[in-house]
> 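Dumping the structure here so I can ask a few things about it.
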Amino acid sequence: METKETEKTSNVGVISEIRRETMGAAPIPRLTKMTQPALLFLVGLILMSPAVAGAGPAEEANAVVDRFSAAYNSNDPEGIVKLYTPDAILLGTVSPVISMGTEAIQKYFSMIKGSGNKNAIQERHTIVLGDNAVAVTGYYEFTRMKDGIPVPGPSRFTMLIIKSGGEWRIAHHHSSPHVQEKK
């Protein structure tokens, strides 16, 4: 036995359907007990699928900068060197020479293995030069351990990050001490 409320509710659906048909609109498909599980499965599949939103050049290049910092914080010279192109150029913060190529960059970063040194990126700006080249510049601070005492080393950097062979890597990296403002 239907109550007045139920009757009103069910009639609204019928009236709406009649209006849609009169106006030439297609009828609204009803979910049956057979189609409900299929719909739920489809919605679940969509929700569980990984997002396929491709990152742009700026995001990809900044991810390389973040990986550089993480590898430095892990005191992993091999991990750092893998982020550079084979013919990369590095003007290191504490180096009197230009390091060119994998071997020279490996030599420069070999000193950090097991050192406890850290790196914190403080500010960065990104300039997209094209689909395959991005310049990232900013400030970071190295904390180098000397005789067991952490010594801060405010520095500035510029990295040219390029996409080569489908992979984003550092082609040029210039790092130098950050001269602090006089107060």
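Atom set for the values below is all heavy atoms of this structure, side chains included, hydrogens, waters and symmetry mates excluded.
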> Identify all side-chain donor-acceptor contacts of residues 88-107 below 3.5 Å with residues at least two apart in sequence or on another chain.
| unit_1 | atom_1 | unit_2 | atom_2 | d |
| --- | --- | --- | --- | --- |
| T93 | OG1 | S175 | OG | 2.4 |
| S95 | OG | V97 | N | 3.2 |
| S95 | OG | V97 | O | 3.0 |

> Taking side-chain contact (heavy atoms from CB on, under 4.5 Å) as the definition, give me every residue that meets it alongside S74, ordered by chain and number, with sequence neighbours left out.
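Listed in chain order: D76.
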
> Find the distance between CE (M145) and NZ (K118) and round it off to the nearest 0.5 Å.
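Atom-to-atom, M145:CE and K118:NZ are 9.5 Å apart.
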
> Taking all non-hydrogen atoms of both residues, which atom of Y140 and which atom of I121 are closest, and how far apart?
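In terms of heavy atoms, the two residues are closest at CB-CA, 3.8 Å.
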
> Using side-chain contact (heavy atoms from CB on, under 4.5 Å) as the criterion, list what pairs up with E123, not counting sequence neighbours.
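side-chain contact (heavy atoms from CB on, under 4.5 Å) list for E123, sorted by chain: H125, Y139.
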
> Under the rule for side chain to side chain donor-acceptor pair (under 3.5 Å), what residues qualify as partners of T126, not counting sequence neighbours?
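T126: side chain to side chain donor-acceptor pair (under 3.5 Å) contacts with N62.
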
> Identify the two heavy atoms, one from P57 and one from V128, that lie closest to each other, and give their separation to 0.1 Å.
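In this case the closest contact between P57 and V128 is CB-CG1, 4.1 Å.
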
> Could you list the residues that satisfy side chain to side chain donor-acceptor pair (under 3.5 Å) with H172, not counting sequence neighbours?
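Not a single residue meets the side chain to side chain donor-acceptor pair (under 3.5 Å) criterion with H172.
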
> How far does CG of L83 sit from CZ of F109, to the nearest 0.5 angstrom?
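The CG atom of L83 sits 9.5 Å away from the CZ atom of F109.
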
> Yes or no on side chain to side chain contact (heavy atoms under 4.5 Å, CB included) for F142 and N117, after CA distance, side-chain angles and deciding distance?
CA-CA 7 Å; F142 292 101; N117 290 356; over 6 Å; no

> For the pair V65 and H173, evaluate side chain to side chain contact (heavy atoms under 4.5 Å, CB included) and give the outcome as yes or no after the intermediate values.
CA-CA 10 Å; V65 175; H173 180 186; over 6 Å; no

> How about I127 and V136: do any of their side-chain heavy atoms sit closer than 4.5 Å?
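Answer no - side chains too far apart.
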
> Sequence neighbours left out, what passes side-chain contact (heavy atoms from CB on, under 4.5 Å) with A120? Give chain and number order.
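side-chain contact (heavy atoms from CB on, under 4.5 Å) list for A120, sorted by chain: empty.
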
> Quick one: side-chain contact (heavy atoms from CB on, under 4.5 Å) partners of E167, sequence neighbours excluded?
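For E167 the side-chain contact (heavy atoms from CB on, under 4.5 Å) partners, ignoring immediate neighbours, are R169.
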
> Where is the tightest heavy-atom contact between T85 and A171, given as atom of each residue plus distance?
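So the two residues come closest at OG1-CA, 3.7 Å.
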
> Kindly write out the residues that satisfy ring pair (Phe, Tyr, Trp, His ring centres under 6.0 Å) with Y108, not counting sequence neighbours, or none if the list is empty.
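Ring pair (Phe, Tyr, Trp, His ring centres under 6.0 Å) check on Y108 returns nothing, list empty.
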
> Quick one: list whatever passes salt bridge (charged side-chain N to carboxylate O under 4.0 Å, His left out) with R67, sequence neighbours left out.
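Salt bridge (charged side-chain N to carboxylate O under 4.0 Å, His left out) check on R67 returns nothing, list empty.
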
> To check you understand the geometry: which heavy-atom pair defines the closest contact between G79 and A71, and what is its length?
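Looks like C-CB, 4.0 Å.
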
> Taking only residues two or more places apart in sequence, or in another chain, which ones meet N119 in a side chain to side chain donor-acceptor pair (under 3.5 Å)?
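Expected list: S69.
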
> Taking only residues at least two apart or on different chains, which pairs with a member in residues 77-96 satisfy salt bridge (Lys or Arg N to Asp or Glu O under 4.0 Å)?
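Output for this query lists E78-K113.
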
> Under 3.5 Å, which donor-acceptor pairs do the side chains of residues 147-166 form with other protein atoms, sequence neighbours left out?
| unit_1 | atom_1 | unit_2 | atom_2 | d |
| --- | --- | --- | --- | --- |
| S155 | OG | G153 | O | 3.0 |
| R156 | NE | S176 | OG | 3.1 |
| R156 | NE | P177 | O | 3.4 |
| T158 | OG1 | T137 | OG1 | 3.1 |

